[in-house]
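For reference, the structure is listed below as structure tokens.
Note that this is a predicted model, so its numbers are computed, not measured. One-based numbering, in listed order, for ligands and for the atoms of each. Values below: all heavy atoms of this structure, side chains included; hydrogens, waters and symmetry mates excluded.
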Amino acid sequence: MRRAWRVGDVRAAEEALMRTVPDGVLMQRAAVGLARRCALLLAERGGVYGSRVLLLAGAGNNGGDALYAGALLAGRGAAVSALLLAPQRVHQGGLAALRRAGGRVVDAVPRDLDLAVDGIVGLGGSGGLRPSAEAAVRLLNARGTTIVAVDIPSGVDVDTGGLSGPVVRADVTVTFGCLKPALVVGPAAPYAGEVELVDIGLEPWLRADAALAVPEWPDIERWWPAWRPPPRSTPGASWASRPARRPIRARLSSPWAARWPARRAWSGTRGAPRPTCCATTRR
Ligand SMILES: NC(=O)C1=CN([C@@H]2O[C@H](COP(=O)(O)OP(=O)(O)OC[C@H]3O[C@@H](n4cnc5c(N)ncnc54)[C@H](O)[C@@H]3O)[C@@H](O)[C@H]2O)[C@@H](O)CC1
Ligand SMILES: [K+]
């Protein structure tokens, strides 16, 4: 079962967890997971060294995650630039780390890119993209640039999965601690692409009930009354004379199951709707 929590519940859990670890530790955990996934994507496309990465960095900690991850990629030889969408309020620690690692700040989306990292806005976002972010996002979406979203694709309504305008169309979303509703339901879900959940130690602190529970195949298989052959000792049951029946697993696995667990299948078809069936909402 994939479970998703609302922003308020995630924040409550984060506050509780943060009281148990030194300052900045959670952001470092997030940034390492994010950088790792970006590096894997770049490695599939020729390597991290010499690749061109753009960070879209907003005003909050979501931008901070992107900047620290960018610093790690720059340390591995990527040419990392950052477009600051709210320069006065950018995460100072993240920006300093990026600069120390050789990253630079740009004032427009560069022409040639291997990867863009969407750190515009995360759990603190409201009301869709601001105009400066919207222009950059439209350009990247139109070019088909590979995009990794930080925590959630910017512009979506995190709690409802609703859309109120243009949003980032991510190939991969690296999310932290737990899933959020917009990653699994509503019109926003296809915009997340493949979702990777990075463990930052949050789960034990998630005290609220999940907002959503989305079944996966193993759940459905458990619920489905699995067909079994009758015992050979059953009077009148001639096992050998019965027509062959395919086991339930085989029927369930066609045609969806081949694609459902392998979420990567969707990352190639950007924006194509993925099945988000069977969501049950908390009442
Ligand atoms: N709190 C924590 O412990 C952790 C937070 N993390 C990251 O921090 C994020 C949440 O950080 P914040 O609370 O700073 O919130 P955000 O980074 O989502 O940013 C909020 C700021 O963005 C501005 N904003 C709001 N809506 C906007 C919009 N539509 N377009 C542009 N700007 C907008 C507001 O001025 C607000 O100050 C998470 O999504 C996650 O990426 C991670 O580092 C993991 C740990
Ligand atoms: K984001």
Side-chain angles (χ1 to χ4, degrees), residues 4-35 37-38 54-72 83-95 97 116-137 140 147-159 162-183 188 191-193 195-203 205-206:
W5 278 263
R6 292 196 180 96
V7 172
D9 298 331
V10 178
R11 286 211 188 273
E14 279 176 351
E15 278 166 25
L17 169 58
M18 270 193 285
R19 285 196 285 271
T20 70
V21 293
D23 264 4
V25 163
L26 293 191
M27 188 171 279
Q28 292 309 318
R29 290 179 188 170
V32 167
L34 175 62
R37 187 53 193 264
C38 292
L54 174 68
L55 315 172
L56 299 172
N61 291 333
N62 197 255
D65 294 340
L67 291 164
Y68 279 117
L72 292 169
L83 182 61
L84 308 182
L85 296 160
Q88 309 305 321
R89 295 186 294 147
V90 67
H91 193 285
Q92 291 300 326
L95 184 58
V117 179
D118 158 30
I120 301 169
V121 74
L123 297 184
S126 59
L129 295 173
R130 308 290 188 260
S132 57
E134 189 180 322
V137 167
L140 293 169
I147 300 178
V148 173
V150 183
D151 214 12
I152 53 134
S154 296
V156 306
D157 186 309
V158 187
D159 278 348
L163 305 176
S164 56
V167 302
V168 167
R169 189 188 294 273
D171 294 85
V172 174
T173 296
V174 179
T175 200
F176 310 119
C178 65
L179 297 177
K180 291 89 193 178
L183 299 175
Y191 288 86
V195 177
E196 177 171 337
L197 176 58
V198 169
D199 181 5
I200 58 168
L202 194 72
E203 198 159 340
W205 302 95
L206 283 165

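- You'll find the side chain of Asp199 stays beyond 4.5 Å of the side chain of Arg29, heavy atoms only.
- Counting only non-hydrogen atoms, the option in Ala31, Ala30, Gly94, Gly122 that gets closest to atom 16 (P) of ligand 1 is Gly122.
- Not a single protein heavy atom sits closer than 4.0 Å to atom 23 (C) of ligand 1.
- Under 3.4 Å from the K ion (ligand 2) lies an N/O/S atom of Ser154, whether from backbone or side chain.
- Among heteroatoms of the N, O or S kind in Asp118, O lies nearest the K ion (ligand 2).
- Closest to atom 39 (O) of ligand 1, if we only count protein heavy atoms, is Asp151 OD2, 2.7 Å.
- The side chain to side chain contact (heavy atoms under 4.5 Å, CB included) test with Met27 is passed by exactly one of Val32, Leu67, Asp65: Asp65.
- The two residues Ala182 and Val156 have their closest heavy-atom pair at CB-CG2, 3.8 Å.
- Here the heavy atom of the protein found nearest to atom 19 (O) of ligand 1 is Gly60 CA, 3.6 Å.
- Seen from the K ion (ligand 2), atom O on Val121 and atom O on Val150 lie at an angle near 110° (rounded to 10 degrees).
- Listed here is the closest heavy atom pair of Ala136 and Leu83: CB-CD2, 4.1 Å.
- Scanning the protein heavy atoms around atom 28 (C) of ligand 1, the nearest turns out to be Arg130 NH1, 3.3 Å.
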Q.
For Val137 and Ser154: C-alpha separation, side-chain torsions, deciding distance, then whether side chain to side chain contact (heavy atoms under 4.5 Å, CB included) applies.
A. CA-CA 9 Å; Val137 167; Ser154 296; 6.0 Å; no

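- Counting heavy atoms from C-beta outward, Tyr191 and Leu163 have side chains that approach closer than 4.5 Å.
- Using 4.0 Å as the threshold, Ser126 has a heavy atom nearer than that to some atom of ligand 1.
- Taking backbone and side chain together, Gly122 holds no N, O or S atom under 3.4 Å from the K ion (ligand 2).
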Q. Step by step, would you call Val158 with Leu123 a side chain to side chain contact (heavy atoms under 4.5 Å, CB included)?
A. CA-CA 7 Å; Val158 187; Leu123 297 184; 4.1 Å; yes

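- Ligand 1 places these atoms under 4.0 Å from at least one heavy atom of Leu26: 3 (O), 45 (C).
- When each atom of ligand 1 is checked for a heavy atom of Asp65 under 4.0 Å away, the hits are 6 (N), 7 (C), 40 (C), 41 (O), 42 (C), 43 (O).
- Closest of all the heavy-atom pairs between Thr20 and Leu17 is OG1-O, 2.6 Å.
- Residue Gly124 has at least one nitrogen or oxygen atom sitting less than 3.5 Å from a nitrogen or oxygen atom of ligand 1, judged on distance alone.
- For the pair Asp118 and Val148, the minimum side-chain heavy-atom distance is 4.5 Å or more.
- Two residues are said to be in side-chain contact when any heavy atoms from C-beta on lie closer than 4.5 Å; Val150 and Val117 meet this criterion.
- For Ile152, the nearest N, O or S atom to the K ion (ligand 2) falls under 3.4 Å.
- Contact annotation: for Arg11 versus ligand 1, heavy atoms closer than 4.0 Å belong to the side chain alone.
- Side-chain contact between Thr175 and Glu196 is absent, with no heavy atoms from C-beta onward closer than 4.5 Å.
- The heavy atom nearest to atom 35 (O) of ligand 1, out of those in Lys180, Gln28, Arg89, is found in Arg89.
- Among the backbone and side-chain atoms of Gly119, no N/O/S atom is found under 3.4 Å from the K ion (ligand 2).
- The shortest N or O to N or O distance between Leu123 and ligand 1 is below 3.5 Å.
- Here the heavy atom of the protein found nearest to atom 11 (O) of ligand 1 is Asn61 CB, 3.3 Å.
- Residue contacts with ligand 1, taken as heavy atom pairs separated by less than 4.0 Å, involve Val121 via backbone and side-chain atoms alike.
- In Asn62, the parts holding a heavy atom less than 4.0 Å from any atom of ligand 1 are both the side chain and the backbone.
- Those atoms of ligand 1 that come under 4.0 Å of a heavy atom in Met27, given as number and element, are 43 (O).
- By the 4.0 Å N-to-carboxylate-O rule, Lys180 lies close enough to Asp151 to be salt-bridged with it.
- Looking at atom 5 (C) of ligand 1, its nearest protein heavy atom turns out to be Glu14 OE2, 4.0 Å.
- The two residues Ala192 and Pro153 have their closest heavy-atom pair at CA-CG, 3.6 Å.
- Residue nearest to atom 29 (N) of ligand 1, selected from Pro131, Gly128, Gly127, Gly125: Gly128 (by heavy-atom distance).
- Side chains of Pro22 and Val25 form a contact here, defined as non-hydrogen atoms less than 4.5 Å apart.
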